[in-house]
Amino acid sequence: MKCGAGKAEILFPEDYFPADKFAFQTDPLFVRVLLLESDHRRYAVISMELPSVRPWELTDRLRLQASGLLAAEYDHVWLSMTHNLSGPHVPAGKEDIHMKALSAALTEACREASDSLCTSSVSYGESTCAVNANRDMKSMDGWWVGIHGTGPSDHTLSLLRFDDGNGKPLAVLYSYAVKSSVMESAYMRDGRKSVFSDVAGHANAIAEEQLGCPVLFLMSAAGDQVPRMKTKYLELDEACRFYEVNLYEKGIDVLHELSEELSVSVLKAAEHAAADPADTIHAETHILRVQGKKDYPKTLPAPPVLTYAYEPDGEKELPVYLMRIGGTVLIGSKSEIVTPVLSEIKSAFRDTHIMMGTLVNGGQGYIAADYDYDRFSYPGLHSPFAAGTDRIYARQTIQMIRNMLNRV
């Protein structure tokens, strides 16, 4: 196995702001590239500290660019967003400026990854991290998004560390179930909103300083997860109705606290990672066909709601990306996934490590649990798929992984 890694800052020009309701930028945002080679084939995982790049054709364009720069097959390139909700979407009227900045950073990060490619080994590690919390809260008016949900959370942080022949880290790739959203929709007291790299971005920077290599974050099954504290969030009053809390500038202290905690977990998992004797890489793409449903209409009252009649929307394609690296299988998903779905998949494997990345190669709403539809919670209302898709996805993905393990 060979490994190379690169990192480059996304440099927005001076005339970029204001953009997407952001007045200015506090943190730098980065593109990170992990390049792997096995049996003369190249594979890449790319992470961008952004919420999304859409329309999704723009994500496809960046992925195609990376494929050419890295000499990797298109299907072997995963382009993932950290789901940094404190960063800009592609702003209307400034699409060309935005994409030019992303393209330039991607080019530089891919060049560094290619230039640093060398023989490597891989290790797998885990740690426990309590930065995340379930976000589904019940009010008198229905279920909606807070920070004190009573549902499940997976506090496991999973990590792959790639070392050169001298044991020096070349790159770290980790998966953890949290939205990078401490500063989401957080306006300061002067009424302005700033760009932050948020909890994953800050944690990556801290870990990189200690490890001396690029550190890439994959958002795991965080469709029902948020940081356990945010700058702006909903809370319940005595009548069990939602009201808004805003910490303003004090939220930056929360961001630093949670980022430090996340970075400690990353470093702990990296330190105690166990070497994997296997050094093969294999990637597959599968397409499931499931029943669709329509999104909750914007013409109706804003949620939470106590009732809603879901409307069917024909059959839809649901991609499943798999990448086996040694004894670890990475699952890539365009959709955000709720905790029970990944838990079911993980429980089917005892001797194989399972890591997940969502918002891989675009976005596709949510893969929600049955109770999300019954409660009319956020994933249920905003899933493009009908109820029961979670069971189909888990069952089929388990079988796909088993088949891949038997073949490779």
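When a residue number appears, it is its place in the shown sequence, counting from 1. Reckoned from all heavy atoms, side chains included, excluding hydrogens, waters and symmetry mates.
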Novice: According to side-chain hydrogen bond (donor to acceptor under 3.5 Å, both in side chains), does anything in residues 236-252 pair up with another residue at least two apart or in another chain? List the pairs.
Specialist: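 Checked against side-chain hydrogen bond (donor to acceptor under 3.5 Å, both in side chains) - neighbours excluded - the pairs reaching residues 236-252 are D141-R241.
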Novice: Atom CZ of F385 and atom OH of Y366: how far apart are they, to the nearest 0.5 Å?
Specialist: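 Taking CZ in F385 and OH in Y366, the distance rounds to 12.5 Å.
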Novice: Between D115 and R111, is there a side-chain N and carboxylate O pair less than 4.0 Å apart?
Specialist: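 Looking at R111 together with D115, the answer is yes, because their closest N to O distance falls below 4.0 Å.
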Novice: Quick one: closest heavy-atom pair of K293 and H382, and the distance?
Specialist: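 That would be NZ-N, 4.3 Å.
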Novice: Within the side chain of R324, is there an N or O that forms a donor-acceptor pair under 3.5 Å with the backbone of I281?
Specialist: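 Not at all, since once roles are kept as given, no pair shorter than 3.5 Å links the two residues.
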Novice: Verify whether one side chain among E126 and Y124 offers a donor that lies under 3.5 Å from an acceptor in the other.
Specialist: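 Yes, Y124 and E126 have a side-chain donor paired with an acceptor closer than 3.5 Å.
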Novice: For the CD atom of E209 and the CD1 atom of I206, what is their distance to the nearest 0.5 Å?
Specialist: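 The distance works out to 8.5 Å.
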Novice: So, does S383 use its side chain to make a donor-acceptor pair with the main chain of G380 at under 3.5 Å?
Specialist: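 No, the answer is negative, given that no donor and acceptor are paired below the 3.5 Å cut-off.
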Novice: Salt-bridged, K94 to D20, with N to O below 4.0 Å?
Specialist: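 Answer for the salt bridge query: no.
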Novice: Give, for atom CD of E108 and atom CG of L69, the distance between the pair rounded to the nearest 0.5 Å.
Specialist: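 It comes to 11.0 Å.
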Novice: Taking NZ in K138 as the centre, count heavy atoms belonging to other residues, nucleotides or ligands within less than 6.0 Å. Is the count above 12?
Specialist: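 At most 12 heavy atoms, drawn from other residues, nucleotides or ligands, come within 6.0 Å of this atom.
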Novice: If you compare all heavy atoms of C213 against all heavy atoms of P169, which two are closest, and at what distance to 0.1 Å?
Specialist: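 Smallest heavy-atom distance, with atoms named: CB-O, 3.5 Å.
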Novice: I'd like to know if the side chain of S180 pairs up with that of N84 as donor and acceptor (distance under 3.5 Å, no hydrogens or angles considered).
Specialist: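 There is no such pair between these side chains.
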Novice: How long is the straight-line distance from SG of C118 back to NZ of K2, given to the nearest 0.5 Å?
Specialist: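 Output value for this atom pair is 9.0 Å.
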Novice: Taking the side chain from T358 and the backbone from A221, do they hold a donor-acceptor pair closer than 3.5 Å?
Specialist: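 Looks like no, no N/O pair under 3.5 Å.
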Novice: Which pair of non-hydrogen atoms, one from N134 and one from P152, has the smallest distance, and what is that distance?
Specialist: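 Distance-wise, the nearest heavy atoms are ND2-O, 2.9 Å.
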Novice: Give a yes or no on whether the backbone of T339 and the side-chain of S343 come within a donor-acceptor separation of less than 3.5 Å.
Specialist: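 At least one qualifying donor-acceptor pair exists.
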Novice: Taking all non-hydrogen atoms of both residues into account, name the closest pair between I398 and E344 and its distance.
Specialist: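 Minimum heavy-atom separation between I398 and E344: CD1-O, 3.9 Å.
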Novice: So, do V45 and V33 sit near enough that their side-chain heavy atoms are less than 4.5 Å apart?
Specialist: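 The answer is no, as the side chains (C-beta and beyond) never meet within the 4.5 Å cut-off.
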Novice: When you compare the side chains of E235 and H148, does any donor N or O come within less than 3.5 Å of an acceptor on the partner?
Specialist: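 There is such a pair (donor and acceptor under 3.5 Å, judged by atom type) between the side chains of E235 and H148.
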Novice: Could you walk me through whether S377 and D372 pass side chain to side chain donor-acceptor pair (under 3.5 Å), step by step?
Specialist: CA-CA 5 Å; S377 61; D372 288 307; 2.7 Å; yes
Novice: Verify, without hydrogens or angle tests, whether S175 (side chain) and M356 (backbone) share a donor-acceptor contact under 3.5 angstrom.
Specialist: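 Yes, the answer is positive, given that a donor and an acceptor are paired below the 3.5 Å cut-off.
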Novice: Heavy atoms only: give me the nearest T397-Y393 pair and the separation to one decimal.
Specialist: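 Of all heavy-atom pairs spanning T397 and Y393, the closest is OG1-O, 2.7 Å.
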Novice: Between the side chains of S220 and Q225, is a donor N or O closer than 3.5 angstrom to an acceptor N or O?
Specialist: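 Checked: S220/Q225 side chains show no N/O donor-acceptor pair below 3.5 Å.
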Novice: Look at the side chain of S335 and the backbone N and O of Q364, then say whether any donor-acceptor pair between them is shorter than 3.5 Å.
Specialist: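 Between the backbone of Q364 and the side chain of S335 there is a qualifying donor-acceptor contact (under 3.5 Å).
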Novice: Below 3.5 Å, can you tabulate the donor-acceptor pairs from side chains in residues 304-311 to any protein atom, sequence neighbours excluded?
Specialist:
| unit_1 | atom_1 | unit_2 | atom_2 | d |
| --- | --- | --- | --- | --- |
| Y310 | OH | Y373 | O | 2.8 |

Novice: Please check this pair: side chain of S86 against backbone of F196, looking for a donor-acceptor N/O pair closer than 3.5 Å.
Specialist: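 The answer is no, because no donor-acceptor pair under 3.5 Å joins these two groups.
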Novice: Any donor-acceptor pair under 3.5 Å linking the side-chain atoms of Y16 with those of H98?
Specialist: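 Yes, a side-chain donor-acceptor pair sits under 3.5 Å.
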Novice: Taking NZ, NE, NH1 and NH2 as the nitrogens, is one of them in E49 or R32 under 4.0 Å from a carboxylate oxygen of the other?
Specialist: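 A salt bridge links E49 with R32.
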Novice: Name all pairs fulfilling the side-chain hydrogen bond (donor to acceptor under 3.5 Å, both in side chains) condition that reach into residues 347-357, sequence neighbours left out, sorted by first residue then second.
Specialist: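 Applying side-chain hydrogen bond (donor to acceptor under 3.5 Å, both in side chains) to every pair that reaches into residues 347-357, excluding sequence neighbours, yields nothing.
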Novice: Report yes or no: is the cationic atom of R135 (NZ for Lys, CZ for Arg) under 6.0 Å from the centre of the six-membered ring of Y378, at an angle within 45° of the ring normal?
Specialist: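 Checked: cation-pi criterion met.
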Novice: How many angstroms lie between atom CG of L255 and atom CG of D198, to the nearest 0.5 angstrom?
Specialist: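 So the gap between those two atoms works out to 5.5 Å.
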Novice: Using a strict cut-off of less than 4.0 Å between a Lys/Arg side-chain nitrogen and an Asp/Glu carboxylate oxygen, indicate whether R228 and E257 qualify as a salt bridge.
Specialist: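 A salt bridge is present here (some side-chain N lies under 4.0 Å from a carboxylate O).
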Novice: Would E184 and K232 pass as an ion pair if we require N to O under 4.0 Å?
Specialist: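 Looking at K232 together with E184, the answer is no, because their closest N to O distance does not fall below 4.0 Å.
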Novice: Please tell me whether Y43 and H282 form a close aromatic pair, meaning their ring centres lie under 6.0 Å apart.
Specialist: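 No - the distance between ring centres of Y43 and H282 does not fall below the 6.0 Å cut-off.
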Novice: Rounded to the nearest 0.5 Å, what's the gap from CG on D374 to CH2 on W143? Could you check?
Specialist: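 Those atoms lie 11.0 Å apart.
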Novice: Specify the closest pair of heavy atoms between F217 and S80, including all atoms of both residues, with the distance to one decimal.
Specialist: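 In this case the closest contact between F217 and S80 is O-OG, 4.4 Å.
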Novice: Taking K168's backbone N and O only, do any of them form a donor-acceptor pair with N166's side chain (distance below 3.5 Å, no angle check)?
Specialist: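 The answer is no, because no donor-acceptor pair under 3.5 Å joins these two groups.
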Novice: Can any side-chain N or O of S67 pair as donor or acceptor with the backbone N or O of R63 at less than 3.5 Å?
Specialist: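 No; judged by distance alone, with no hydrogens or angles, the pair does not exist.
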Novice: Donor-acceptor check, side chain of D27 to backbone of S197, threshold 3.5 angstrom: yes or no?
Specialist: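 Yes; judged by distance alone, with no hydrogens or angles, the pair exists.
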Novice: Does one side chain, of T156 or D154, offer a donor that lies under 3.5 Å from an acceptor on the other?
Specialist: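 Result is yes, a qualifying pair exists.
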